[in-house]
Amino acid sequence: MLASLPDLSGGIHSLSGHVGLLDAFMRFAAMYLVFVGVLVLVPIWFRRDGLRTWLAAGLGALLAIGLSAGIGALWDRPRPFVARHFVPLIAHGNDASFPSDHLAVLGAVALCLWLVSRRLAVMLGISALVVAFARVFVGVHYVTDVSGGFILGLACGGLTW
């Protein structure tokens, strides 16, 4: 199964460069849709458990970013555009590919949201799927990077809750 995931990553990335509007949307999603994680927390602030949710989500996201950086320092997996020698659709450094910081943050926030508002958590989960697909599409991550990042984020969100 894991051997086929890099092929899935290549298949997703092979969709890029054919339709300008799709490429533009995927560039936007890969870079900016992560901020939906903050936007969905706005209505939570006004709930009785809003402060706890904000603190847990924020600390979980920070923990996820820290652990992601640590994992990247220990295992410097080359990004797809480095390993396969192509130019990604977005400008990106050639730091470690695994795990995805964007998805780690979204995973932490999603878990904390799930505990207080399933509807908002599902909305964020859908956004996370779009971000994950977009980051593979533009060529800066593999499928295992985004899934690993999201799982790491879920764990960090649960830990800080």
Side-chain angles (χ1 to χ4, degrees), residues 1-2 4-6 8-9 12-13 25-81 88-161:
M1 174 72 183
L2 285 177
S4 66
L5 288 178
L8 178 59
S9 299
I12 292 170
H13 176 67
F25 174 73
M26 289 297 166
R27 279 196 285 280
F28 173 82
M31 294 189 308
Y32 302 114
L33 204 56
V34 69
F35 295 111
V36 169
V38 175
L39 293 176
V40 296
L41 283 172
V42 170
I44 295 298
W45 179 257
F46 300 103
R47 294 175 58 136
R48 181 179 51 83
D49 49 0
L51 179 61
R52 177 184 184 182
T53 305
W54 271 74
L55 286 173
L59 291 173
L62 288 173
L63 178 62
I65 288 173
L67 288 175
S68 179
I71 292 168
L74 292 173
W75 181 35
D76 188 16
R77 179 182 191 184
R79 291 189 179 269
F81 67 89
L89 290 181
I90 60 173
H92 204 287
N94 62 356
D95 56 341
S97 183
F98 182 85
S100 168
D101 295 344
H102 284 73
L103 274 297
V105 167
L106 290 172
V109 175
L111 186 111
C112 294
L113 269 179
W114 183 259
L115 298 171
V116 296
S117 174
R118 301 265 164 96
R119 183 173 298 153
L120 288 174
V122 168
M123 288 174 47
L124 183 59
I126 292 168
S127 296
L129 282 172
V130 173
V131 171
F133 186 86
R135 305 254 335 142
V136 175
F137 183 94
V138 300
V140 297
H141 281 296
Y142 296 103
V143 171
T144 51
D145 300 337
V146 293
S147 56
F150 194 75
I151 292 167
L152 174 66
L154 291 173
C156 291
L159 186 65
T160 57
W161 186 263

Inset, instruction - Start with the C-alpha gap between Phe98 and Asp76, add the side-chain angles, then the distance that decides, and say whether side-chain contact (heavy atoms from CB on, under 4.5 Å) holds. - result: CA-CA 8 Å; Phe98 182 85; Asp76 188 16; over 6 Å; no
Inset, instruction - Only one of Val105, Leu67, Leu63 passes side chain to side chain contact (heavy atoms under 4.5 Å, CB included) with Leu152; say which it is. - result: Leu67
Inset, instruction - State, to 0.1 Å, how close Ala57 and Ala108 come at their nearest heavy-atom pair, and which atoms those are. - result: O-CB, 4.5 Å
Inset, instruction - State, yes or no, whether a side-chain contact exists between Asn94 and Arg79 at a heavy-atom distance under 4.5 Å. - result: no
Inset, instruction - Side-chain contact test, heavy atoms from C-beta onward, threshold under 4.5 Å: evaluate it for Val130 versus Phe25 and give yes or no. - result: yes
Legend entry - Spacing of CG belonging to Asp49 relative to CD1 belonging to Ile44, to within rounding of 0.5 Å: 7.0 Å
Inset, instruction - To the nearest 0.5 Å, tell me how far Leu103 CG sits from Leu154 CG. - result: 10.0 Å
Inset, instruction - Decide yes or no for Leu124 and Leu120: does some side-chain heavy atom of the first lie under 4.5 Å from some side-chain heavy atom of the second? - result: no
Legend entry - From CG (Leu106) to CG (Leu129), nearest 0.5 Å: 10.0 Å
Legend entry - Between CZ on residue Phe81 and NE2 on residue His141, distance to nearest 0.5 Å: 9.5 Å
Inset, instruction - Kindly assign one of parallel, tilted or perpendicular to the pair Tyr32 and Phe35, based on the angle between their ring planes and the thresholds 30° and 60°. - result: parallel
Legend entry - Heavy-atom check, side chain of Trp161 versus side chain of Thr53, under 4.5 Å: yes
Inset, instruction - Flag the pair Ser9 / Val136 as yes when at least one side-chain heavy-atom distance between them is below 4.5 Å, and no otherwise. - result: yes
Inset, instruction - Look at the side chain of Arg47 and the backbone N and O of Val116, then say whether any donor-acceptor pair between them is shorter than 3.5 Å. - result: yes
Legend entry - Any donor-acceptor pair under 3.5 Å from Trp54 side chain to Leu41 backbone: yes
Legend entry - Salt-bridge criterion met for Asp145 and Arg135 (N-O under 4.0 Å): no
Legend entry - Closest non-hydrogen atom pair, Gly107 against Phe150: CA-CE1, 3.4 Å
Inset, instruction - Check Ala96 against Trp75 and note the closest heavy-atom contact, atom names and distance. - result: CB-O, 4.0 Å
Legend entry - Distance-minimising heavy-atom pair for Pro80 and Ser97: CD-OG, 3.9 Å
Legend entry - Exercise: identify the closest heavy-atom pair between Thr160 and Gly157: OG1-O, 3.2 Å
Legend entry - Closest approach of Val146 to Ser100 (non-hydrogen atoms, all atoms of both residues): CA-CB, 3.9 Å
Inset, instruction - Measure the spacing between NE2 of His13 and CG of Leu8 and express it to the nearest 0.5 Å. - result: 13.5 Å
